[in-house]
Number of protein chains: 2
Amino acid sequence: MKVFKIPEATVMRLSIYSRHLKHLQDESIETVSSEEIASGVGVSSAQVRKDLAYFGEFGTRGVGYKVQDLLGHLKKILGLDKKWNVIMIGAGKLGSALALYEGFRERGFLIRTILDDDKKKVGSKLKDVLIEPLELLDTRIKQYNIDVGIITVPAVAAQDVTDRLVAAGVKAILNFSPRVLKVPGGIVLRNVDLSVNLEVLSFNLSFNK
Amino acid sequence: MKVFKIPEATVMRLSIYSRHLKHLQDESIETVSSEEIASGVGVSSAQVRKDLAYFGEFGTRGVGYKVQDLLGHLKKILGLDKKWNVIMIGAGKLGSALALYEGFRERGFLIRTILDDDKKKVGSKLKDVLIEPLELLDTRIKQYNIDVGIITVPAVAAQDVTDRLVAAGVKAILNFSPRVLKVPGGIVLRNVDLSVNLEVLSFNLSFNK
DNA sequence: CTCTGTGAATATATTCACAGCA
DNA sequence: TGCTGTGAATATATTCACAGAG
């Protein structure tokens with residue numbers, strides 16, 4: 001049912017535009033031009049207009065965009081009006097930090113349970129979410145109707161956990177492990193790979209300098 | 001002195017290839033073809049060869065690449081043979097988790113000090129690094145000959161901290177705050193923006209599904 | 001007269017396909 | 001013969017530039 005393929009870079013910019021519009025809203029600014037958005041987030045005004053044009057016509061010629069309205073459209077486009085049931089696998093340092101991050105809930109990602117294979121962690125809570133044994137993976141995914149799995153396990157375990165999440169029926173995986181995961185088509189996969197980011201930074205610092 | 005502009009996507013893939021080559025090395029595999037690397041990390045073999053071609057000829061026609069050699073070249077290309085002095089600004093939940101992450105040291109990023117404006121945090125240590133007052137920003141950057149600043153402060157403070165880091169002479173900034181930062185040309189800036197990642201995931205889950 | 005929306009032009013990235021070296 | 005390295009072809013993304021709505 002996909003009508004047009006939207007470039008990933010466009011989606012990332014839409015997220016950044018929406019953040020900028022929130023600032024403008026906080027400052028009680030009611031109207032904004034594509035040029036003002038553009039200079040606020042460091043892109044060209046044509047880029048802003050092209051990105052928005054994938055989804056409709058939100059502005060008024062000669063005037064600009066109503067901040068409130070455009071922000072509403074962007075939130076809708078980005079799916080931020082929806083709720084998702086989330087399972088987190090791995091309660092190590094990174095998982096523990098992420099479980100406390102309010103940004104998940106703010107965007108509709110509700111962490112229902114956290115699984116770990118370390119018996120010493122099982123039974124304790126992170127904020128209000130209980131850490132449970134890894135064996136409950138299938139049970140909890142069915143029980144809570146889980147949509148999204150967040151992977152914060154070590155690299156060696158990541159593909160195995162992924163396969164189990166997919167088999168149990170999750171629709172999307174957010175992968176924080178430094179590993180390229182194989183998933184079947186139709187499963188949404190997003191990687192947040194700190195080691196790649198560090199190496200790109202290292203490259204940019206080193207190359208031809 | 002920049003000879004060719006290398007696409008960022010290429011650099012990210014080089015990092016991923018190098019990780020895959022490490023696995024192969026751990027399995028004592030000595031030779032690998034572009035097709036084997038490609039299928040291992042989910043890209044096309046032509047892509048692998050094109051990416052490598054930016055930097056030289058590392059393979060042998062009819063044979064493939066020597067794993068050890070190619071890994072060595074990639075580490076060199078990515079600058080992983082170099083050391084950088086790093087300052088971290090912000091010792092909150094994210095900063096604390098990051099300060100314990102071994103990946104920085106493994107890639108030559110040596111965290112020399114962590115600054116925070118919270119008096120209650122100042123004086124304690126994260127692993128072996130002391131948390132010091134924010135006022136020492138200039139002093140420590142000069143003293144330790146800091147190359148890289150890692151920003152883990154709240155969004156409202158991020159641009160101010162950035163300006164101070166740049167004024168004090170850092171060459172690169174790794175930004176974990178959810179804010180588009182303005183930096184002068186010549187300063188390397190890399191953003192690790194979890195909120196954008198979450199919103200892209202939300203979009204992919206929602207759009208035309 | 002201003003600023004959006006958008007075709008056309010340009011720039012960039014990926015894939016194809018094969019010449020040529022080991 | 002097998003696989004790399006690479007021009008040519010294609011696909012994708014960005015910028016230009018302007019018609020036209022308000």
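Chain letters run A, B, ... following the sequence lines, proteins first and then strands; every chain starts at 1. Reckoned from all heavy atoms, side chains included, excluding hydrogens, waters and symmetry mates.
Residues that satisfy the ring pair (Phe, Tyr, Trp, His ring centres under 6.0 Å) test with B:H20, not counting sequence neighbours, are absent from this structure. Residues satisfying the side-chain contact (heavy atoms from CB on, under 4.5 Å) test with A:T139, not counting sequence neighbours, are A:L136, A:Q143. Residues that satisfy the ring pair (Phe, Tyr, Trp, His ring centres under 6.0 Å) test with A:F55, not counting sequence neighbours, are B:F207. Remark: A:S15 engages A:L78, B:V196, B:E199 in a side-chain contact (heavy atoms from CB on, under 4.5 Å) (not counting sequence neighbours). Residues passing the ring pair (Phe, Tyr, Trp, His ring centres under 6.0 Å) test with A:F176, sequence neighbours excluded: none. The side-chain contact (heavy atoms from CB on, under 4.5 Å) search around B:E27 returns B:I29, not counting sequence neighbours. Taking the side-chain contact (heavy atoms from CB on, under 4.5 Å) definition, one finds that A:Q68 meets it with A:Q25, sequence neighbours left out.
Contacts of residues 29-50 of chain B with DNA chain D (heavy atom under 4.0 Å): B:S33, B:S34, B:R49, B:K50. The stretch residues 56-75 of chain A comes close to DNA chain C through A:E57, A:F58, A:G59, A:T60, A:R61, A:G62, A:V63, A:G64, A:Y65, each having a heavy atom under 4.0 Å from the strand. Residues from residues 7-25 of chain A with heavy atoms under 4.0 angstrom of DNA chain D, sorted by number: A:P7, A:R13.
Shown here is B:K22, whose NZ atom has more than 12 heavy atoms of other residues, nucleotides or ligands within 6.0 Å.
Residue A:A99 comes nearest to A:I111 through the heavy atom pair CA-CD1, 4.3 Å, listed as atom of the first residue, atom of the second, then distance.
Sequence neighbours left out, the pairs with a member in residues 86-108 of chain B that pass ring pair (Phe, Tyr, Trp, His ring centres under 6.0 Å) are B:Y101-B:F104.
You can see that DNA chain C meets the heavy atoms of chain B within a 4.0 Å-exclusive cut from C:dA13 to C:dA22, reading 5' to 3'.
Proximity of B:Y17 to B:L71: side-chain heavy atoms (C-beta onward) are nowhere separated by under 4.5 Å.
For A:R140 and A:E132, the salt-bridge test passes: some basic side-chain N is under 4.0 Å from an acidic carboxylate O.
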